[in-house]
Peer 1: 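Please read through the structure below; I'll follow up with questions.
Every chain is numbered from 1, with letters handed out A, B, ... down the list of sequences.
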Amino acid sequence: MFAMKQSLFFIPTLKEAPKDAEVKSHRLLSRAGLVKPAAAGIYSYLPLGQRVMRRIERIVREEHDKRGCSELLMPALQPRDLWDESGRWSDYGPELMRLKDRKERDFCLGPTHEEVITAIVRDHLDSYKKLPLALYQIQTKYRDELRPRFGLMRGREFVMKDLYTFSENEEDLDFWYETMKEAYTVIFERMGLETRIVSSDTGQIGGDVAHEFMVMSEVGEDTIAYCTECSYASNQDFSGLETGDACPECGGRSETAKGIEVGNIFKLGTKYSESMNARFTGRDGKRHPAQMGCYGIGISRTLMAAVEQHSDEESILWPKEIRPFDIHILPLADEHVEKAEALTKELGSSYEVLMDDRSERPGVKFKDADLIGIPYRVVLGRSLEEGKVEFVDRYRGEKELIPIQGLREHLENVID
RNA sequence: CGGGAAGUAGCUUAGCUUGGUAGAGCGCUUGGUUUGGGGCCAAGAGGUCGCAGGUUCAAAUCCUGUCUUCCCGACCA
């Protein structure tokens with residue numbers, strides 16, 4: 001496990017939010033010292049934000065690896081000729097970040113990786129016996145958005161997990177599609193995010209069937225039309241359904257709500273495998289283009305959505321599986337730090353612990369602790385004279401005095 | 001790209017209408033005091049007023065251009 005002194009851990013909290021942050025999660029990400037802007041839609045992830053990102057990524061990796069996906073890492077910098085093969089150098093538009101090297105050759109910073117993955121797989125694809133393949137990466141993507149906004153919601157540079165599957169036929173593509181739909185449901189549940197699956201347009205990327213995973217939120221950029229009677233839900237851009245319209249599935253009444261798209265799954269079919277010649281010899285002895293699927297999760301956007309959903313104006317409360325630390329130890333005065341260090345060492349063997357050893361007044365420590373959102377708190381203060389510490393369970397909103405000798409055992413019973 | 005708003009110390013900002021040596025709060029440094037919810041007192045440090053040009057005896061302030069940021073729209077795997 002892990003223990004860290006707060007004086008060494010860079011958490012630049014702010015008393016006041018930057019004036020241009022208009023969305024709650026954006027204000028909190030800045031104030032709690034998780035991110036720092038470099039340019040419009042481009043952010044640094046500071047240590048605390050990076051820890052949460054790592055948590056999110058860990059869940060994503062676990063749920064992909066256990067379903068037979070393998071991780072790789074592709075280049076962000078991609079040559080033009082691959083994009084000419086798919087036709088997207090001309091089709092993609094100004095959102096594609098283009099640049100030249102010193103020899104004036106064209107490159108782009110990848111907004112997505114269909115071209116690269118297809119080029120990797122096609123040379124290996126001689127027989128149906130090599131299929132299926134499911135390859136994913138977690139990587140920084142670049143899109144020159146006309147209008148970046150709301151902090152991490154729509155950035156020009158952002159972290160994304162993208163998975164690509166290659167199948168010998170549509171049945172196998174359907175299998176992967178359903179497998180990943182289920183995986184995504186598990187992933188977002190583990191992150192403590194309430195999501196809704198909606199059918200959607202396939203957009204720029206091309207292909208046939210697509211679903212999006214939406215975190216219901218007032219600040220979402222998408223409008224979701226959902227049925228009040230059955231499980232039907234769709235992206236309004238695609239279905240055109242308004243509040244009060246009849247559900248296309250069951251005829252029930254439609255409602256609309258805002259959502260943040262944190263994940264999507266596409267059946268690409270053969271769009272890229274045909275244009276880029278990713279073919280294999282099938283059981284019938286003939287050449288067939290691979291049936292492809294692609295599946296994305298916005299890692300950095302998920303971070304933002306999690307803050308949006310698990311916070312109030314003055315504090316974050318991280319869900320279990322993505323919390324940056326388990327326990328926050330607060331010695332309220334310098335004279336308590338020695339005891340706190342011993343406790344940090346002890347608890348650090350079983351938990352991830354952050355200890356606020358700074359010479360700050362109690363009020364400052366409490367405010368910062370609320371802001372950065374670690375769910376369990378151990379306060380060393382005046383009750384230490386009686387050999388007791390205060391234990392706070394922010395999930396339950398409860399606090400109690402615990403004899404310091406019994407703390408470890410108490411935590412084993414309480415900490416989730 | 002169209003519409004709107006804004007750039008003054010690390011952060012939040014006053015001053016701009018009506019031109020005259022740039023102010024505050026928080027933060028920071030030093031000393032004192034305080035010690036369970038962003039303390040108090042005192043003394044300090046910190047500024048190319050986004051940038052460039054123009055008008056003027058004199059520009060944060062007026063004019064022109066430009067860059068950047070945010071909001072609405074268009075766009076968006």
Peer 1: Of the nucleotides rA74(B), rC76(B), rC71(B), which has the atom closest to the L146(A) side chain?
Peer 2: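 Minimum distance to the L146(A) side chain belongs to rA74(B).
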Peer 1: Would a line drawn from the ring center of F266(A) to the ring center of H211(A) be shorter than 6.0 Å?
Peer 2: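 That pair fails the under 6.0 Å test.
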Peer 1: Within the structure shown, what part of the strands sits under 4.0 Å from A21(A) by heavy-atom distance: base, sugar-phosphate, or nothing?
Peer 2: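 Counting heavy atoms under 4.0 Å across all strands, no contact is made by A21(A).
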Peer 1: Mapping P111(A) and E390(A) to their closest nucleotides on RNA chain B, which lands nearer the 5' end?
Peer 2: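 Looking at RNA chain B, the more 5' nearest nucleotide goes with E390(A).
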Peer 1: Would you mind classifying the nucleic acid contact of A333(A) as base, sugar-phosphate or nothing, using non-hydrogen atoms under 4.0 angstrom?
Peer 2: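 Here A333(A) touches no strand at all.
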Peer 1: Using the C1' atom on both, measure rA59(B) against rC16(B) and round to a whole Å.
Peer 2: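 After rounding to an integer number of Å, I get 11 Å for this pair.
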Peer 1: Given the ring of W176(A), does R67(A) sit roughly above its face, with NZ or CZ under 6.0 Å from the centre of the six-membered ring and within 45° of the axis?
Peer 2: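 The answer is no, since R67(A) fails at least one limit relative to W176(A).
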Peer 1: Within the structure, does a side-chain N or O atom of R149(A) lie under 4.0 Å from either OP1 or OP2 of rC72(B)?
Peer 2: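 For rC72(B), OP1 or OP2 has a side-chain N or O of R149(A) closer than 4.0 Å.
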Peer 1: Can a side chain N or O of K15(A) be found less than 4.0 Å away from OP1 or OP2 on rU12(B)?
Peer 2: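 No, K15(A) has no side-chain N/O under 4.0 Å of OP1/OP2 on rU12(B).
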Peer 1: How far does the P atom of rC51(B) sit from the matching atom of rG10(B), given to the nearest Å?
Peer 2: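 Roughly 13 Å separates the two P atoms.
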Peer 1: Can you name the salt bridge (charged side-chain N to carboxylate O under 4.0 Å, His left out) partners of E314(A), sequence neighbours left out?
Peer 2: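 In terms of salt bridge (charged side-chain N to carboxylate O under 4.0 Å, His left out), with neighbours along the sequence ignored, E314(A) is linked to R31(A).
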Peer 1: For atom P, what is the distance between rG23(B) and rG15(B), given to the nearest Å?
Peer 2: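 Between the two P atoms, the distance is 15 Å.
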Peer 1: When you measure from the side chain of A39(A), which nucleotide among rU69(B), rC70(B), rG38(B) comes out closest?
Peer 2: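 The nucleotide sitting nearest to the side chain is rU69(B).
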Peer 1: Write down the distance separating the C1' atoms in rU8(B) and rA14(B), rounded off to the nearest Å.
Peer 2: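 To the nearest whole Å, 10 Å.
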Peer 1: Return whichever of M160(A) or R156(A) has its heavy-atom-nearest nucleotide of RNA chain B closer to the 5' end.
Peer 2: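 Per heavy-atom nearest nucleotide, the more 5' residue is R156(A).
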Peer 1: To the nearest Å, how far apart are E335(A) CD and rU34(B) P?
Peer 2: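 Computing the E335(A):CD to rU34(B):P distance gives 13 Å.
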Peer 1: So which nucleotide does rC11(B) pair with, by the Watson-Crick or G-U wobble rule with both distances under 3.5 Å?
Peer 2: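 rG25(B) - that is the nucleotide pairing with rC11(B), both distances being under 3.5 Å.
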Peer 1: Looking at R88(A), E85(A), R122(A), which hits side chain to side chain donor-acceptor pair (under 3.5 Å) with Y272(A)?
Peer 2: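 Testing each of R88(A), E85(A), R122(A) against Y272(A), the sole residue satisfying side chain to side chain donor-acceptor pair (under 3.5 Å) is R88(A).
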Peer 1: Could you measure between the two C1' atoms, the one in rA58(B) and the one in rU18(B), and give it in whole Å?
Peer 2: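 Between the two C1' atoms, the distance is 16 Å.
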Peer 1: Give the nucleotide from the list rG36(B), rC70(B), rG25(B) with an atom nearest to the side chain of E22(A).
Peer 2: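 So the nucleotide nearest the side chain must be rC70(B).
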Peer 1: Do Y136(A) and Y295(A) have ring centroids that are under 6.0 Å from one another?
Peer 2: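 When the ring centroids of Y295(A) and Y136(A) are compared, they turn out to be at least 6.0 Å apart.
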Peer 1: Quick one: look up who rU18(B) pairs with, Watson-Crick or G-U, both distances under 3.5 Å, and put none if it's unpaired.
Peer 2: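 Pairing partner: none.
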Peer 1: For this output row, return yes or no: ring centroids of F213(A) and Y184(A) closer than 6.0 angstrom.
Peer 2: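 Here the rings of Y184(A) and F213(A) have centres that are less than 6.0 Å from each other.
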Peer 1: rC76(B) C1' sits how many Å from Y92(A) OH, rounded?
Peer 2: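 Rounded to whole Å, this separation is 8 Å.
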Peer 1: What nucleic acid atoms does E95(A) come within less than 4.0 Å of, heavy atoms only: base, sugar-phosphate, or nothing?
Peer 2: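 Sugar-phosphate, backbone atoms only, no base.
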Peer 1: Both distances below 3.5 Å, Watson-Crick or wobble geometry, any strand: find the nucleotide opposite rG47(B).
Peer 2: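 Its partner: none found.
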Peer 1: For P18(A), which contact category applies under a 4.0 Å heavy-atom criterion: base, sugar-phosphate, or nothing?
Peer 2: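 Touches sugar-phosphate only.
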Peer 1: Considering only rG37(B), rC71(B), rU69(B), which nucleotide approaches the side chain of F150(A) most closely?
Peer 2: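 Nearest to the side-chain atoms of F150(A), counting from C-beta on, is rC71(B).
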Peer 1: Output yes when at least one side-chain N/O atom of R361(A) is less than 4.0 Å from OP1 or OP2 of rU35(B), else no.
Peer 2: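 No, no such contact exists.
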Peer 1: How long is the line joining CG of L332(A) and P of rG36(B), in whole Å?
Peer 2: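 Rounded to whole Å, this separation is 8 Å.
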Peer 1: Round to the nearest Å and state the distance from E385(A) atom CD to rG36(B) atom C1'.
Peer 2: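 Taking CD of E385(A) and C1' of rG36(B), I get 12 Å after rounding.
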Peer 1: Taking any heavy-atom pair under 4.0 Å as a contact, classify D334(A): base, sugar-phosphate, or nothing.
Peer 2: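 Contact class for D334(A): none.
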Peer 1: Using a 4.0 Å heavy-atom cut-off across all strands, classify E261(A) as base, sugar-phosphate, or nothing.
Peer 2: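 Nothing, no nucleic acid heavy atom in range.
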Peer 1: If we take the C1' atom in both rA24(B) and rC49(B), what is their distance in whole Å?
Peer 2: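 Rounded to whole Å, the distance is 15 Å.
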Peer 1: Rounded to the nearest angstrom, tell me the gap between atom CG in L14(A) and atom P in rA9(B).
Peer 2: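 Result: 15 Å.
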Peer 1: Under the 6.0 Å and 45° cation-pi test, does R196(A) pair with Y226(A)?
Peer 2: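 Checked: cation-pi criterion met.
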Peer 1: Please classify the nucleic acid contact of R31(A) as base, sugar-phosphate, or nothing, using heavy-atom distances under 4.0 Å.
Peer 2: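 The residue R31(A) makes base contact.
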Peer 1: rG54(B) and rU69(B): how far apart are their P atoms, nearest whole angstrom?
Peer 2: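 Roughly 28 Å separates the two P atoms.
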Peer 1: Taking pairing as Watson-Crick or G-U wobble with both contacts under 3.5 Å, can you name the mate of rA5(B), or confirm there isn't one?
Peer 2: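 WC or wobble partner is rU69(B).
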Peer 1: Once you apply the 3.5 Å cut-off to both distances, tell me the Watson-Crick or G-U wobble partner of rA58(B), or none.
Peer 2: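 Base partner found: none.
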Peer 1: Using a heavy-atom cut-off of under 4.0 Å over every strand shown, decide if G381(A) touches base, sugar-phosphate, or nothing.
Peer 2: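 Answer is base: heavy atoms of G381(A) come under 4.0 Å of a base.
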Peer 1: In whole Å, what is the span from the CZ atom of R88(A) to the P atom of rC76(B)?
Peer 2: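 Rounded to whole Å, this separation is 14 Å.
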Peer 1: Name the closest nucleotide to the R147(A) side chain, picking from rG38(B), rU12(B), rC71(B).
Peer 2: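 Nearest nucleotide to the side chain: rC71(B).
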Peer 1: For Y295(A), answer base if it contacts any base atom (sugar-phosphate contacts may also be present), sugar-phosphate if it contacts only those atoms, and nothing otherwise; contact means non-hydrogen atoms under 4.0 Å.
Peer 2: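 If one applies the 4.0 Å heavy-atom cut-off, Y295(A) turns out to touch nothing in the nucleic acid.
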Peer 1: I need the CG-C1' distance between D222(A) and rC75(B), as an integer number of Å.
Peer 2: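 These atoms are roughly 13 Å apart.
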Peer 1: Side chain of E145(A) only, please: which of rG38(B), rU12(B), rC76(B) is the nearest?
Peer 2: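 Given the options rG38(B), rU12(B), rC76(B), the side chain of E145(A) is closest to rC76(B).
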Peer 1: With both distances under 3.5 angstrom, what nucleotide forms a Watson-Crick or G-U wobble pair with rC76(B)?
Peer 2: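 With both distances under 3.5 Å required, rC76(B) matches none.
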Peer 1: What integer number of Å spans the P atoms of rA60(B) and rG44(B)?
Peer 2: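 Looking at atom P only, rA60(B) and rG44(B) are 26 Å apart.
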Peer 1: Of the nucleotides rC76(B), rG38(B), rC28(B), which has the atom closest to the E360(A) side chain?
Peer 2: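 The answer is rC28(B), which lies nearest to the side chain.
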Peer 1: Considering all heavy atoms of both residues, which atom of I316(A) and which atom of S311(A) are nearest to each other, and what is their separation?
Peer 2: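 Heavy-atom minimum between the residues: CA-CB, 4.0 Å.
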Peer 1: Any chance the rings of H410(A) and F391(A) have centres within less than 6.0 Å?
Peer 2: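 So the answer is yes for these two rings.
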Peer 1: Paired with rU64(B) by Watson-Crick or G-U wobble geometry, both distances under 3.5 Å: which nucleotide is it?
Peer 2: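 For rU64(B), the partner nucleotide comes out as rA52(B), under the 3.5 Å rule.
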Peer 1: Could you check how far CE of M97(A) sits from P of rC75(B), rounded to whole Å?
Peer 2: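 It works out to 20 Å between those atoms.
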